[in-house]
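Before any comments, here is the structure.
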Amino acid sequence: MAGILRTWSALPLSRPFRPYEYGSCSRTATDKELSLMSAQNVTVIGLGQMGAALAGALLDAGHSTTVWNRSPEKARPLVARGAVRAQTVAEAVATSDLVLVCLLDYPAVREILAPVGESLHGKALVNLTSGSPEQAREEAKWAAGQGIAYLDGGIMTTPPGVGDSAHMFLYSGAPEVLAAHRDTLAALGAPVALGTDPGLASLYDSGLLGLMWSVFGGWLHATALAGADGVTARDFTTIACRWLKTVSWFMTGYAEQIDAGEYPGHDATIDVQVAAIGHLLHAGADRGIDPRLPELNLELMRQMVAAGHGSDSYARVIDAFRTS
């Protein structure tokens, strides 16, 4: 017994023991065993690049996965991995209480699901199709009329990132769906609940993509500027990523100012920012770098200065985007 205790004490404790009963004995369940114990039947409708990645992640997590696609040949790689290919949408829907749909757009979702609305009654529908907040809310109304528990989702990664908990999946709509199926949906990525308004996932998705493109644009402009003097993109980006952590700190503070509607310029005023961006424009002009992106930022800042807000923080520039 002492030897056994010494062996146990030497075991790594990177995760807690999770015993389960097996007859009169208990032992620690492996991650694979736990996955199988919580496995459920899931249907995935739509097998484009993203839909196929969703189905693949579910299979990897041990879930019994039924798939359907308008072009049946797209199911072959997944069938080879253990998926079941349904012949019809009705057959696909009938096999599972949890149905995921990922298609080109919302009209395609309605076209495919409307004929099987009655079959979806009492089931959970998770729509991971990209669209507008208004489309998501309209789809939720249709689902409610069919007695379907509806959850709208935004996938904040590309297909290769599906299945990695480092990436977010945004959800809004019926909270009971996320509560009941969180473990299954976690196989796709980290589930983030945004609230009961089904349009919020699409709203966040649109805003975050806009943020991404703005960051990409600023990074590419800066990388071109530094590269003109021989700095490699790799070297510059190493420093840029550290800088973005500081930028996120600024954003957190500015968010509080925006919600309060008060913009004290304690850190740096817009007047100071206008002067600083001049240095960027001069450096770019000397190196033949396209000035349109910083010129747009300068235009927005000058608009706030002209409105009498030069002594406010940069967060005041949000008023330049609020055109109505």
Side-chain angles (χ1 to χ4, degrees), residues 130-136 154 156-158 168 170 194 199-324:
S130 296
S132 71
E134 289 71 28
Q135 288 177 315
M156 305 314 300
T157 185
T158 55
M168 297 184 296
L170 310 178
L194 298 178
L200 286 178
S202 291
L203 184 66
Y204 272 67
D205 181 35
S206 299
L208 290 173
L209 287 175
L211 173 62
M212 178 190 72
W213 290 318
S214 295
V215 171
F216 280 172
W219 166 66
L220 290 171
H221 180 275
T223 300
L225 180 73
D229 282 14
V231 178
T232 67
R234 181 189 296 268
D235 287 346
F236 180 77
T237 301
T238 298
I239 302 301
C241 287
R242 291 185 63 181
W243 170 238
L244 285 175
K245 293 179 181 178
T246 301
V247 172
S248 69
W249 178 75
F250 288 137
M251 290 168 59
T252 301
Y254 286 159
E256 294 182 0
Q257 293 185 9
I258 292 169
D259 287 341
E262 299 176 355
Y263 305 93
H266 299 322
D267 54 352
T269 65
I270 297 177
D271 285 334
V272 170
Q273 307 271 10
V274 167
I277 202 169
H279 307 319
L280 172 60
L281 286 165
H282 293 157
D286 290 343
R287 290 160 176 79
I289 304 301
D290 191 310
R292 285 176 293 175
L293 187 57
E295 283 179 348
L296 172 60
N297 292 324
L298 178 58
E299 177 186 343
L300 295 171
M301 287 188 269
R302 282 177 170 168
Q303 183 179 336
M304 293 298 98
V305 172
H309 301 305
S311 61
D312 288 355
S313 77
Y314 190 84
R316 171 65 79 170
V317 177
I318 193 172
D319 286 350
F321 293 101
R322 292 169 168 166
T323 56
S324 60

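No hydrogens, no waters, no symmetry mates; every other heavy atom, side chains included, goes into these values. Remember, it's a predicted structure, so these values are computed and weren't measured experimentally.
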- [ ] First locate atom CD of E256, then atom CD of E262, and finally report the distance between them rounded to the nearest 0.5 Å.
- [x] 12.0 Å

Open item on the list: Ignoring hydrogens, what is the shortest heavy-atom contact between P294 and L280? Give both atom names and the distance.
Closed with: CB-CD2, 3.8 Å

Open item on the list: Working to the nearest 0.5 angstrom, can you tell me the gap between Y314 OH and L300 CG?
Closed with: 6.5 Å

Open item on the list: Looking at G217, is its backbone amide N or carbonyl O close enough to the side chain of H221 to form a donor-acceptor pair, meaning the two atoms are under 3.5 Å apart?
Closed with: no

Task: OH-OG1 distance between Y254 and T252, expressed to the nearest 0.5 angstrom - done: 11.5 Å

TODO: Give, for atom CG of D286 and atom CG of L281, the distance between the pair rounded to the nearest 0.5 Å.
DONE: 11.0 Å

- [ ] Find out whether P133 and S202 are in side-chain contact, i.e. whether some heavy atom of one side chain is under 4.5 Å from a heavy atom of the other.
- [x] yes

Open item on the list: Between L170 and L208, is the side chain to side chain contact (heavy atoms under 4.5 Å, CB included) condition met? List the steps.
Closed with: CA-CA 11 Å; L170 310 178; L208 290 173; 4.0 Å; yes

Task: Taking every non-hydrogen atom, the tightest pair across D235 and V231 - done: CB-CG1, 4.4 Å

Task: Q257 side chain to S313 side chain, donor-acceptor N/O pair below 3.5 angstrom - done: yes

Task: Check: T237 side chain, A240 main-chain N or O, donor-acceptor pair, under 3.5 Å - done: no

TODO: Please lay out, stage by stage, how V317 and N297 fare under the test side chain to side chain contact (heavy atoms under 4.5 Å, CB included).
DONE: CA-CA 9 Å; V317 177; N297 292 324; over 6 Å; no

Open item on the list: So, using side chain to side chain contact (heavy atoms under 4.5 Å, CB included) as the criterion, who are the partners of M251 when residues are at least two apart?
Closed with: V247

Open item on the list: For Y204, is the OH atom crowded, meaning more than 12 foreign heavy atoms sit under 6.0 Å from it?
Closed with: no

Task: Under 3.5 Å: donor-acceptor pair, side chain of R322, backbone of I318 - done: no

Open item on the list: Please find the pair of heavy atoms, one from A201 and one from L194, that lie closest to each other, and give the distance.
Closed with: CA-CD1, 3.8 Å

Task: Rounded distance [0.5 Å steps], CZ in R316 versus OG1 in T269 - done: 13.0 Å

Task: With T223 via side-chain hydrogen bond (donor to acceptor under 3.5 Å, both in side chains) - residues at least two apart - done: W219

Task: Heavy-atom check, side chain of M304 versus side chain of D312, under 4.5 Å - done: no

Task: Closest non-hydrogen atom pair between A226 and F236, with its separation - done: CB-CD1, 3.8 Å

- [ ] To the nearest 0.5 Å, tell me how far M301 CE sits from L296 CG.
- [x] 9.5 Å

